[in-house]
Amino acid sequence: MSADSHKTFYLETFGCQMNVHDSEKVIGTLVHEGYRQVETVEQADLILYNTCSIRDKAEQKVFHRLADYKKLLKQGKKFGVLGCVAQQEGEKIFERAPHVSLVCGSASYRNLPQMLAQLEAGKSEAAKPEAGSLIRITGLDDRETDKCFETEFTARTNPHRGYITIIEGCDKFCSYCVVPFTRGKERSRTAESVLAEARQMTDLGYTEIQLLGQNVNSYKDPAGKLGRGKSFSELLAAVGEVPGIRRVRFTTSHPRDFGRDIIDAIDAVPTLCDHVHLPVQSGSDRVLSAMQRLYNREQYLERIAWMKSAKREISITSDIIVGFPGETEEDFAQTLSLLDEVGYDAVFTFKYSPRPNTPSLALEDAIPDQEKSRRLELLMARQKEIQITRYKKYIGTISEVMVEGKNEARNQWIGRTSQNKTLNFTAPEDASPAIGSYVQVRATTSFPNSLLGELVV
Ligand code: 5AD
Ligand code: SF4
């Protein structure tokens with residue numbers, strides 16, 4: 001489509017990498033339909049929010065945004081809510097934000113072209129008499145679909161790291177988690193189509209690929225029904241062997257489904273990055289059981305032991321929730337001791353937030369917010385100490401980094417190691433590295449979250 005196309009859209013994305021990648025597909029689809037992406041709400045005819053509902057705070061953000069820009073409705077602009085809040089709240093969004101015209105969950109993005117056509121034609125599907133003359137289009141029905149959202153029109157926004165979805169949805173039903181309700185049941189793409197996309201991306205010059213899914217470890221190649229399906233670790237290895245690929249990452253893993261074969265694959269295929277994000281959520285068996293996580297501390301630590309026996313040092317990161325209903329001081333102490341036992345390189349910490357539809361909603365959210373905050377701070381302080389020690393030991397070592405950009409103000413290049421650590425560096429004027437290239441860097445200074453070093457010339 002031509003760049004001066006009259007229909008314009010603005011898209012803001014909240015939440016996880018899955019959402020970021022969904023947005024790339026949505027942008028590609030819209031551009032193919034003749035829309036042009038613009039940088040500001042003011043320039044756009046259609047304003048879209050791709051939303052996250054993992055915690056209440058994330059959900060509130062979108063309603064604040066909608067309220068902030070409500071006045072623009074008078075200028076004839078249309079508003080659409082996509083993603084997890086759309087799926088979760090459905091037509092209730094029209095009540096909370098009556099200026100919204102389009103509500104579409106992630107499992108219905110395949111139908112976006114038709115929905116956009118309806119929107120343009122001014123045809124409303126949802127028969128809501130009280131809606132007055134406002135157009136209302138919904139796409140919410142496909143949560144039970146077997147299909148993934150595959151499109152040839154993905155507009156990749158990160159020039160170095162290419163995302164590929166391998167599995168959508170989640171069948172785990174952890175008691176606190178809204179994802180099975182927003183993203184629907186698990187469905188895997190065929191290994192053949194994943195590999196075709198990986199090859200296409202190397203043709204475009206990408207050297208790093210990140211495989212995405214809510215639970216990548218339960219990946220099941222649909223071709224398996226015909227007796228020739230690949231397991232997750234086989235798919236991982238196959239992607240790692242695509243000519244031109246230098247780095248393969250994957251997220252997110254669920255400890256219950258995390259097999260030793262993944263470590264074997266990392267050992268065997270050098271392009272598979274030495275980093276695993278393995279959310280534990282809690283160090284207490286009692287809480288893990290209440291969370292319906294389907295593993296206990298010992299089983300989790302067994303997986304950590306596999307990683308520690310790998311040929312390369314594997315960097316391990318995690319997610320932790322504090323203040324789950326019924327979490328006692330003793331339970332929390334178990335989480336703190338787990339930090340020491342594992343030695344994570346990064347931990348994402350969250351206060352428990354009750355979510356609609358989830359089983360734990362029936363439990364009383366009895367831990368006061370102040371106490372949740374106290375635990376969160378203790379957890380972050382302990383983890384910071386651990387990281388200070390862990391990052392220090394890299395001083396003097398040389399790592400390969402991918403050059404992601406330059407911080408002009410500091411005159412430093414931004415680099416990322418295979419372990420997913422930030423290793424920024426200085427380089428002589430006459431040896432400026434190209435963005436997207438791989439160079440060797442010697443670490444000279446450590447911080448709790450990153451390293452600083454110098455280019456090895
Ligand atoms: N409250 C707080 N944190 C949550 N997460 C998921 N659901 C909730 C919730 N209801 C966290 C988990 C998950 C991460 C993506 O978000 O730690 O791994
Ligand atoms: Fe948020 Fe989960 Fe939806 Fe991602 S899948 S946007 S983390 S609710």
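Heads up: numbering here begins at 1 and tracks the sequence. Atoms within a ligand are numbered from 1 in the order they appear, just like the ligands themselves.
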Quick one: does ligand 1 sit under 4.0 Å from the side chain of [X], the backbone, both or neither, non-hydrogen atoms only?
X	result
Tyr176	both
Gln281	side chain
Ile54	both

Contact atoms of ligand 1, heavy-atom distance to Arg55 under 4.0 Å: 1 (N), 2 (C), 3 (N), 4 (C), 5 (N), 11 (C), 16 (O)
Which word best sums up how the rings of Tyr10 and Tyr49 line up, parallel for under 30°, tilted for 30 to 60°, or perpendicular for over 60°?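 Correct class here is perpendicular.
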Under 30°, 30 to 60°, or over 60°: which ring-plane class applies to His21 and Tyr163, parallel, tilted or perpendicular?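 It falls in the tilted class, 30° to 60°.
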Cation-aromatic face contact Arg55/Phe350, 6.0 Å, 45 degrees: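 The answer is yes; both the distance and angle limits are met.
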Can an N or O of Arg355 be found at a distance shorter than 3.5 Å from an N or O of ligand 1? no
Criterion side-chain contact (heavy atoms from CB on, under 4.5 Å) against Val26, the qualifying member of Tyr109, Phe9, Phe153: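 Of all the options given, the one that passes is Tyr109.
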Those residues that, when tested against Tyr391, pass side chain to side chain donor-acceptor pair (under 3.5 Å) (two or more places apart):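 Listed in chain order: nothing, the list is empty.
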